[in-house]
Amino acid sequence: MAMVQPRNLKYRVWCARVGLWAFLAVTLFPFFMIISISFRAGNFATGSLIPENPSLEHWSLALGIPWVNADGSITEPFFPVLTWLWNSIKVAFFSSALILILSTSSAYAFARLRFRFREHMLTAMMILQMFPAVLALVAIHALFEKIGHYLPWLGLNSLSAVTISYIGGLALHIWLIKGYFETIDNSLEEAAAIDGATPWQAFRLVLLPLSVPILAVVFILAFITAIGEYPVASVLLHSMDKLTLAVGSRQYLNPQNYLWGDFAAAAILSGLPITIIFVLCQRWIVGGLTAGGVKG
Amino acid sequence: MTGVQKRGSGRPWLAISLLGIIDLLILYGVTLMYAQGEIAFALIMLILAVSASWVFISHKAYCYRYVFPGLLGVAVFIVFPLLYTVNIAFTNFSSTNLLSQGRVKNILLAQRHTTGDSIYKFQMFEAIDKGGKTDKKYYLQLTAPDDQVYKTASFRQPTAPKVVKARLASADISTETGVSPLPLRDVIKNRDHLYNLTVKIPDGSQLVMTGIRRFEASSPLYVASDKDDTLVNTLTGETIYPDWETGRYTHDGSDQIGPGFVTYTGWQNFDDILNNPGIKGPFLKIFLWTVIFAGLSVLFTLIVGLLMACLIQWEPLKGNGIYRILLILPYAVPAFISILIFRGLFNQNFGEINVFLDILFGIKPEWFSNATLAKTMVLMVNTWLGYPYIMILSIGLLKAIPDTLYEASAIDGAGPWQNLTQITIPLILKPLMPLLIASFAFNFNNLVLIALLTDGGPDLLGATTPAGATDILVSYTFRLAFGSYGQDYGLASAIATIIFLIVGVIAWLNLQATKKYQSV
């Protein structure tokens, strides 16, 4: 807290507050809209922000429960939304965990250890992370087709193939963690080394506990990237029960079968858990992000 | 730190035996691959296994133990697919030339023709198990020209070619067991499945279905000749050979027999790109838009993200915890959902955005059919999607700036603008720089946004390929390769290779800029 306060503080705070509210109103408009749409009956209705005749039709279908219409006819759910959501969560969790393990250990070596080709490797990482998997979709498809001949559980149309292929995204995270490690003074680790700790012990017992915030940031970023990944999953997966949410939800806005209302409910249903996870972890990160052990 | 390297593990034998087991598994895989003729893959696996073992056993390679798994991930999932894509760029790999030459040869060798001299009449029966259930299994009874009766093993409806064995039966099944054969209409219903069947009878003849009531003995159409991969047609005596330039089996160089196969075609795909004005023209336009799109996206997200980070880090603003959560929401919601939401909201006639604009100003912009408006929309949506990322990173970095700096500046009478330009931005930009470059690279290849929001549209005039005003290079390539215009993987890989070069140059330029910036 700054000890010296300018005189016109109150006026400035109100300006900032109004500006922030206006910005939030525009930014969050799509969310209000999509919530409203999910409660409107039918797939083509337009109307006010608060629906006049709220209907749970779309929510029922999104949860996989057939909906009985007013005229007695029954609408069956079109798509297995919950299965897609579960698939996405599995893929995202395991790929993020793998990315976290691999990038943390690499970042430690790049930040603390000195070895041949260190600079070259870092430069190569920097350049390579600009080449996303999107550019090599044909090759990735062909590669997993070949792998599938030997290990069918890791071939085309398997969730493990998608999980494994997402490891390619780790180069960016290595840079992110390395940057954070470098802000932590290594005098603590040196002290540990003088006491006889190996580099591994210094890493695991001294540096890692200090780095929990950045590890959480990396995990969340990797998780969100994996949940939202569309191109690779769309190329590798094809059967309905294996799709991830990102690939599956496109089917709602097919011009031949436009299910705008059903999409709204499914979007909220599937977006909500991810949003909640994010918000919960966000509080934790911010709580743990102290000014770092840099002072002194 | 390098002076204190010691034995890393207190239980070296556990580590070594674990490594041994993993190595054995890999060696098994390598042998399997080698046996199936994938020599290149087997060699790569072997090299990886050997280097991994060395890194984890040798004390000299101690530092590499930490980087090896990460490097392996980068090598296998970034470098290798890139090289493989460049490799495909020099082939004719496409939906018409999908298989290897060996597979095509096997397909030709599996083709059979009927000799027409031995016709077997057949009847179809439903297989009934001991419990009296049917379970959709069937068997056939075949009657040879000499009235021998054969009974096949039971089978499910085959959807792919399938061989079933038949054995000699002592008597006609329906007279012996009283079970009546299925009526003809059931046979007709199962016709497509039956065409997949090859029945092998004890004398070695292979029978295939040639009519709704009969099977015929067949013999192979092609036999392998002793010369290379040449095949001989047993009916006509013609020899056919693989044409490696066009990737097909041919008799005289002009016809094609069987499916095409993958072969190296040299610079053919690149030649198509450079000399086909329908591809070259849009390519340049799309490249320019890609750069503008990526650059403006980074700029806008940086401005908005940094501003919001500074605002909510500002102590006098009460309740900043709530603000932070609300501001992060666009990032917390998966992008593909938000993009699809925007696609609906921007809809020309039914979208809520135009409904509001119509009420407020009486206008209904054509967001999807006007090129400028479509580009504006893409940039707005992308700024909305991207600013929280910059904001999250900035919050973390802002917390690392010591409060004492701001206290000192407040004592010196500096205002918020001076704080921002003199303290915050200089301190935050250095650690943020690699991330901004990454953000530029990400947007340069932001296929998800374009594919889900506009799908590239509106279409560019004068293009012979699917190219649109909001298409960026990757979405253009994606549509060429996986769109509904035929899947030309070779051509798509050639364009992807050109994108590699462009991205590589940009990456290198940025790297130089970063180094220059950091050394000052």
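Atom set for the values below is all heavy atoms of this structure, side chains included, hydrogens, waters and symmetry mates excluded. Order of the sequence lines sets the chain letters (A, B, ...), proteins ahead of strands, with each chain counted from 1.
Using cut-offs of 30° and 60° on the angle between ring planes, the pair A:Phe115 and A:Phe110 is tilted. Taking the six-membered ring where tryptophan is involved, the planes of B:Tyr66 and B:Tyr62 are perpendicular, since the angle between them exceeds 60° and thus also 30°.
Residue B:Tyr28: no heavy atom, backbone or side chain, is found under 4.5 Å from chain A. With a 4.5 angstrom heavy-atom cutoff, B:Tyr331 touches chain A via backbone and side-chain atoms both. For a residue to count as touching a neighbouring chain, one of its non-hydrogen atoms must lie under 4.5 Å from one of that chain's; by this rule B:Ile339 does not touch chain A. With a 4.5 angstrom heavy-atom cutoff, A:Ile34 touches chain B only via side-chain atoms. For B:Leu345, the parts lying under 4.5 angstrom from a heavy atom of chain A are both the backbone and the side chain. Proximity to chain A involves both the backbone and the side chain of B:Phe500, based on heavy atoms less than 4.5 angstrom apart. Residue A:Tyr166: no heavy atom, backbone or side chain, is found under 4.5 Å from chain B. Only the side chain of B:Met308 comes within less than 4.5 Å of a heavy atom in chain A; its backbone stays farther off. Residue contact with chain B, scored on non-hydrogen atoms closer than 4.5 Å, involves the side chain of A:Leu24 exclusively. Heavy atoms of A:Leu128 lying under 4.5 Å from chain B belong to its backbone as well as its side chain. Both the backbone and the side chain of A:Arg116 come within contact range of chain B, judged by heavy atoms closer than 4.5 Å. With a 4.5 angstrom heavy-atom cutoff, B:Tyr387 touches chain A only via side-chain atoms. With a 4.5 Å cut-off on non-hydrogen atoms, B:Leu447 touches chain A through its side chain but not through its backbone. Only the side chain of A:Leu176 comes within contact range of chain B, judged by heavy atoms closer than 4.5 Å. With a 4.5 Å cut-off on non-hydrogen atoms, A:Ser249 touches chain B through its backbone and its side chain both. At a 4.5 Å heavy-atom cutoff, the contact between B:Ser493 and chain A is made by side-chain atoms alone. With a 4.5 angstrom heavy-atom cutoff, A:Ser88 does not touch chain B via any of its atoms. For a residue to count as touching a neighbouring chain, one of its non-hydrogen atoms must lie under 4.5 Å from one of that chain's; by this rule A:Ile164 touches chain B with backbone and side chain alike. Proximity to chain A is absent for every atom of B:Val86, based on heavy atoms less than 4.5 angstrom apart. The contact between A:Phe144 and chain B is made entirely by side chain atoms (from C-beta outward), counting heavy-atom distances below 4.5 Å. Looking at A:Trp21, only its side chain comes within 4.5 Å of chain B, counting heavy atoms on both sides.
The choice from B:Leu473, B:Ile499, B:Ile341, B:Val304 that makes the most heavy-atom pairs within less than 4.5 Å of chain A is B:Ile341. Listed options B:Ala451, B:Gly29, B:Pro334 were ranked by heavy-atom pairs under 4.5 angstrom with chain A; first place goes to B:Pro334. Of the listed residues (B:Ala75, B:Pro330, B:Ala335, B:Gly73), the greatest number of heavy-atom pairs within a distance under 4.5 Å of chain A belongs to B:Pro330. Contact count against chain B (heavy-atom pairs under 4.5 Å) is highest for A:Ala267 among A:Ala107, A:Ala133, A:Ala267. The candidate with the highest count of non-hydrogen atom pairs below 4.5 Å against chain B, out of A:Lys146, A:Met121, A:Gln201, is A:Lys146.
Counting heavy atoms from C-beta outward, B:Arg343 and B:Leu452 have side chains that stay 4.5 Å or more apart. Residues B:Leu71 and A:Met125 meet the side-chain proximity criterion, which asks for heavy atoms closer than 4.5 Å. Between B:Phe68 and A:Ser106 the shortest side-chain heavy-atom distance does not fall below 4.5 Å.
Checked against the 6.0 Å centroid criterion, the rings of B:Trp384 and A:Phe31 qualify as a close aromatic pair. Note: A:Tyr230 and B:Phe336 fail the aromatic proximity criterion, with ring centroids not under 6.0 Å apart.
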Side chain to side chain donor-acceptor pair (under 3.5 Å) evaluation trace for B:Asp488 with B:Ser94: CA-CA 4 Å; B:Asp488 197 340; B:Ser94 64; 4.8 Å; no
Criterion side chain to side chain donor-acceptor pair (under 3.5 Å) on A:Glu182 and A:Tyr180, from CA distance to verdict: CA-CA 5 Å; A:Glu182 281 170 350; A:Tyr180 189 86; over 6 Å; no
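Not counting sequence neighbours, A:Thr225 has no partner by the side-chain hydrogen bond (donor to acceptor under 3.5 Å, both in side chains) test. Looking at residues two or more places apart in sequence or on another chain, you find no side-chain hydrogen bond (donor to acceptor under 3.5 Å, both in side chains) involving A:Ser165.
Between B:Ile401 and the options B:Leu405, B:Thr404, B:Leu397, a side-chain contact (heavy atoms from CB on, under 4.5 Å) holds for only B:Leu405.
Using a distance-only test at 3.5 Å, with no hydrogens or angles considered, no donor-acceptor pair links the side chain of A:Ser36 to the main chain of A:Phe32.
Within a 6.0 Å radius of CZ in B:Phe442, no more than 12 heavy atoms belonging to other residues, nucleotides or ligands are found.
Between B:Asn87 and B:Thr91, the shortest heavy-atom contact is O-CG2, 3.6 Å.
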